[in-house]
S.K.: 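Before we start, here is the structure in question, set down as structure tokens.
Protein chains get the first letters and strands the later ones, always in sequence-line order, with residue 1 at the start of each.
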Amino acid sequence: MPEAPEIASRSAEMNTALKNKVIESVEVSQPKCLNLSVEEFKAALVTGVIESVSYHGKWIMMNTSRGWLLLNLGMGGEILLVTRDSLPAKYRLVLDFTDKTCLTINFWWFGYAFHAKQEELFTIPMIARLGPNVLDLTQEDFKTLLENQKSKTRVKAFLLDQSKIAGIGNAYIHDILFLARLHPKRIVSSLSDAERTGLYNAIQGGLRPSLKKGGAFYETNLYGQKGGFSMEDILIGYKEGNACPNCGTPIEKIRTGSTSSFICPTCQPDPAF
DNA sequence: GCAAATGTTTGGCC
DNA sequence: TGGCCAAACATTTG
């Protein structure tokens with residue numbers, strides 16, 4: 001589940017490591033993750049030179065001399081820079097470079113590898129719809145966004161909606177909402193000014209420690225090393241039954257729509273009660 | 001052993 | 001708008 005901290009780390013790494021590499025060939029083992037046929041996809045990228053790598057939300061965007069290669073790692077994605085004689089056991093996509101290194105891209109469910117011509121980037125709906133990067137969002141922008149939610153949007157659905165803010169996923173959100181002392185089902189329009197400010201700070205506070213450590217422990221960098229953000233750094237996410245670090249109440253796991261949430265029932269009271 | 005459940009995402013349907 | 005389902009699967013649970 002690469003989310004903003006992992007994606008930002010990975011994209012910075014790739015920008016350094018891959019710059020000026022030339023794509024010699026492309027191997028695809030999961031055609032369903034492409035937006036083109038395998039043949040078109042290969043033809044579009046071969047001989048391309050990697051000029052820079054950036055990101056938007058959960059997308060890694062590789063800018064090549066032959067257009068964009070857009071990667072969304074879905075759940076459990078992994079990008080490795082290796083050589084042909086040390087390929088990982090599983091991969092969906094391999095880019096072979098002329099210097100004999102290769103980039104393998106894997107994910108175990110729901111990932112995408114799209115190609116778009118230079119000027120056609122925003123014809124890809126999944127890119128065009130993205131909201132501002134969560135790590136670049138200012139407090140003013142965030143407040144404006146909140147004010148535009150006039151309906152019954154719940155705070156968890158709001159934060160996970162990539163068209164509003166891009167980069168938050170269902171792993172970091174538990175700690176973000178805990179830091180903000182908000183129940184996932186709170187209605188956005190009911191938040192007080194103090195709660196809105198607190199939520200902004202919680203988003204930054206929930207993501208930046210992991211960003212500093214190169215991402216979460218369950219994801220690796222280009223060379224297979226795990227991120228430094230470990231289970232001990234997580235406050236309440238995935239810690240059902242543990243004592244809340246703030247008040248000691250056992251942490252609960254609850255269903256919120258079709259996803260699970262971890263909350264402290266004392267610090268994050270259910271708005272229905 | 002094996003079937004069932006679970007989940008880090010997104011889109012589409014009602 | 002929200003809720004729910006489905007989909008390319010790997011791992012844990014009963």
Side-chain angles (χ1 to χ4, degrees), chain A residues 1-10 27-38 41 55-60 70-79 88-93 105-114 124-131 134 145-146 148-177 183-190 206-207 210-211 215-220 226-227 229-231 233-234 236-241 252-262 271-272:
Chain A
M1 116 315 312
E3 297 179 29
E6 288 81 37
I7 298 294
S9 304
R10 206 75 345 110
E27 181 183 337
V28 178
S29 57
Q30 177 47 279
K32 287 191 178 183
C33 68
L34 307 181
N35 65 329
L36 301 173
S37 73
V38 174
F41 186 78
Y55 75 99
H56 191 165
K58 298 170 190 174
W59 289 83
I60 290 184
L70 307 165
L71 302 174
N72 181 310
L73 277 342
M75 298 163 112
E78 185 170 62
I79 300 181
K90 299 208 167 182
Y91 53 82
R92 311 290 181 153
L93 198 66
I105 293 137
N106 190 42
F107 41 83
W108 56 269
W109 223 6
F110 316 142
Y112 304 98
F114 288 173
I124 307 277
M126 288 172 84
I127 298 291
R129 298 177 43 195
L130 293 174
V134 60
L145 265 176
L146 286 176
N148 289 339
Q149 312 303 315
K150 299 191 176 180
S151 54
K152 297 179 178 152
T153 310
R154 289 174 176 170
V155 66
K156 179 168 180 181
F158 168 73
L159 293 175
L160 290 179
D161 187 338
Q162 302 297 300
S163 71
K164 301 197 170 76
I165 305 173
I168 302 175
N170 199 44
Y172 285 96
I173 199 161
H174 311 300
D175 279 6
I176 290 174
L177 290 174
H183 188 282
K185 292 186 176 175
R186 285 292 302 274
I187 304 295
V188 170
S189 58
S190 78
L207 297 176
S210 179
L211 180 64
F217 62 92
Y218 48 79
E219 302 288 345
T220 74
K226 293 180 187 305
F229 189 74
S230 68
M231 207 61 200
D233 295 311
I234 296 175
I236 67 166
Y238 311 99
K239 296 191 169 179
E240 183 179 15
E252 288 180 5
K253 178 180 183 178
I254 61 171
R255 293 300 290 185
T256 41
S258 51
T259 63
S260 296
S261 294
F262 293 85

S.K.: Using the side-chain hydrogen bond (donor to acceptor under 3.5 Å, both in side chains) criterion, which residues pair with A/S163? Sequence neighbours excluded.
M.R.: A/D161
S.K.: Considering residues at least two apart in sequence or located in another chain, which fulfil the side-chain hydrogen bond (donor to acceptor under 3.5 Å, both in side chains) criterion with A/S210?
M.R.: A/Y172
S.K.: For DNA chain C, what are the stems built from at least three Watson-Crick or G-U pairs in a row, each pair having both distances below 3.5 Å?
M.R.: B:2-7 with C:9-14, B:9-14 with C:2-7
S.K.: Given atom CG of A/L34 and atom C1' of C/dA8, what is their separation to the nearest angstrom?
M.R.: 12 Å
S.K.: Taking C/dC4 as the reference, what is the distance to B/dT6 when you measure between their P atoms (whole Å, please)?
M.R.: 14 Å
S.K.: Tell me whether the side-chain N/O atoms of A/R255 come closer than 4.0 Å to OP1 or OP2 in C/dG3.
M.R.: no
S.K.: Taking only the P atom of each, what is the distance from B/dG1 to C/dC9 in whole angstrom?
M.R.: 22 Å
S.K.: Can you tell if the side chain of A/E3 reaches within under 4.5 Å of the side chain of A/P5, non-hydrogen atoms only?
M.R.: yes
S.K.: Any protein N or O atoms within reach of nucleotides 11-14 of chain B? Criterion: under 3.5 Å, listing atom names and distances.
M.R.:
| unit_1 | atom_1 | unit_2 | atom_2 | d |
| --- | --- | --- | --- | --- |
| B/dG11 | OP2 | A/R129 | NH1 | 3.4 |

S.K.: With sequence neighbours left out, write down each residue that passes side-chain hydrogen bond (donor to acceptor under 3.5 Å, both in side chains) with A/E252, or none if nothing qualifies.
M.R.: none
S.K.: Return a single string for nucleotides 9-14 of chain C, one symbol per nucleotide in 5' to 3' order, where B is base contact, S is sugar-phosphate-only contact and - is none, cutoff 4.0 angstrom on heavy atoms.
M.R.: BS----
S.K.: Give one of base, sugar-phosphate or nothing for A/S260, where a contact means two heavy atoms less than 4.0 Å apart.
M.R.: sugar-phosphate
S.K.: Using a cut-off of 4.0 Å on non-hydrogen atoms, how would the nucleic acid contact of A/K253 be classed: base, sugar-phosphate, or nothing?
M.R.: sugar-phosphate
S.K.: According to the interplanar angle, ranging from 0 to 90°, do the rings of A/W59 and A/Y112 count as parallel (below 30°), tilted (30 to 60°) or perpendicular (above 60°)?
M.R.: parallel
S.K.: With no hydrogens and no angle check, just 3.5 Å: does a side-chain donor-acceptor pair link A/K156 and A/T259?
M.R.: yes
S.K.: Any side-chain heavy atom of A/L71 sitting closer than 4.5 Å to one from A/R10?
M.R.: no
S.K.: Could you check which of C/dA8, C/dT1, B/dT9 has an atom nearest any side-chain atom of A/K58?
M.R.: B/dT9
